[in-house]
Amino acid sequence: MPAGSKGDPWQLTTPPGTSAYSMYRDADADPPALVCQVGSTTLKYHLSAIDDLHAWLKSQGDWVLLGAADESKPAADGTVEAWGRSPGNPVGGWYGLRKGYRGRFGMYLPPLLEALGLAEVTHDSRNNRMRAMP
C-alpha cells in the first residue's frame with residue numbers, strides 16, 4: 001500500500017470507475033490537508049476528513065448515498081456530499097479548502113476510506129453508497 005505521501009500517493013479510482021486520481025497527506029500545510037490530483041486539477045480537503053467521515057459513517061449505522069456534486073450545485077440531503085459541507089460537521093462547513101474546488105467530497109473521499117479499510121463503497125454507474133467498516 002502506498003504511504004500516502006507526495007512521493008508515494010494513493011492511486012484511486014472514482015466509485016463508478018470512470019476516472020483515476022491520486023491523493024496524499026500534506027501534514028505541513030496550514031491547515032493540514034489531503035491533496036487530490038485529478039488530471040491537471042488540484043483539490044484540497046481538511047486532513048481530518050478521513051477520521052471525521054469514518055466517525056460520521058459509523059454513527060449512521062447503514063449505507064449512505066455519496067451524492068457527489070460540484071461546489072456550485074446543491075448537495076442532496078443526507079448524503080456524504082451534504083455532510084462534507086454542513087455547518088454541523090466537525091469543521092463547521094466545507095471540508096474542501098480551495099474556493100471554487102470545494103465540492104466533490106462525495107466523489108473523492110469514499111475511495112480513499114475504502115483503500116484504507118475504513119469503509120465499503122459500491123461501484124455502480126450511478127447512485128453509489130458507502131458504509132463504515134466495523
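Linking ILVMFWY side-chain heavy atoms closer than 4.5 Å, directly or via other members, places Leu97 and Val35 in two distinct hydrophobic clusters. Following chains of ILVMFWY side-chain contacts shorter than 4.5 Å, one cannot reach Val121 starting from Trp63, and the two form parts of different hydrophobic clusters. Both Val91 and Leu109 are members of a single hydrophobic cluster when ILVMFWY side chains are connected at heavy-atom separations under 4.5 Å. There is a path of hydrophobic side-chain contacts, each under 4.5 Å, that joins Trp10 to Phe105. Under a hydrophobic-cluster definition in which Ile, Leu, Val, Met, Phe, Trp and Tyr are linked whenever side-chain heavy atoms come within less than 4.5 Å, directly or via other members, Tyr101 and Leu112 are assigned to the same cluster.
Between the Ser19 side chain and the Thr14 main chain, no donor and acceptor come within less than 3.5 Å of each other. Side-chain N or O atoms of Glu81 include none that pairs as donor or acceptor with a backbone N or O of Leu66 at under 3.5 Å. Side-chain atoms of Asn89 come within 3.5 Å of backbone N or O of Ser86 as a donor-acceptor pair.
Taking the side chain as every heavy atom from C-beta outward, Pro2 and Gln11 never approach each other to under 4.5 Å. Between Leu43 and Tyr21, every side-chain heavy-atom pair lies at or beyond the 4.5 Å cut-off.
A ring pair (Phe, Tyr, Trp, His ring centres under 6.0 Å) with Tyr95 is found for exactly one of Trp83, Tyr45, Trp56, namely Trp83.
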Which pairs of donor and acceptor atoms, one on a side chain in residues 125-132, lie under 3.5 Å apart (sequence neighbours left out)?
residue: Asn128; atom: OD1; partner: Thr122; partner atom: OG1; Å: 2.9
residue: Asn128; atom: OD1; partner: His123; partner atom: N; Å: 3.2
residue: Asn128; atom: OD1; partner: Asp124; partner atom: N; Å: 2.6
residue: Asn128; atom: ND2; partner: Asp124; partner atom: O; Å: 2.8
residue: Arg131; atom: NE; partner: Glu120; partner atom: OE1; Å: 3.0
residue: Arg131; atom: NH2; partner: Glu120; partner atom: OE1; Å: 3.0

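Seen from the ring of Tyr108, Arg104 does not count as a face-on cation partner, given the 6.0 Å and 45° thresholds.
For the atom pair Leu116 CG and Ile50 CD1, the distance stands at 5.5 Å (nearest 0.5 Å).
Counting only N and O atoms by type, the side chains of Thr42 and Gln37 include a donor and acceptor under 3.5 Å apart.
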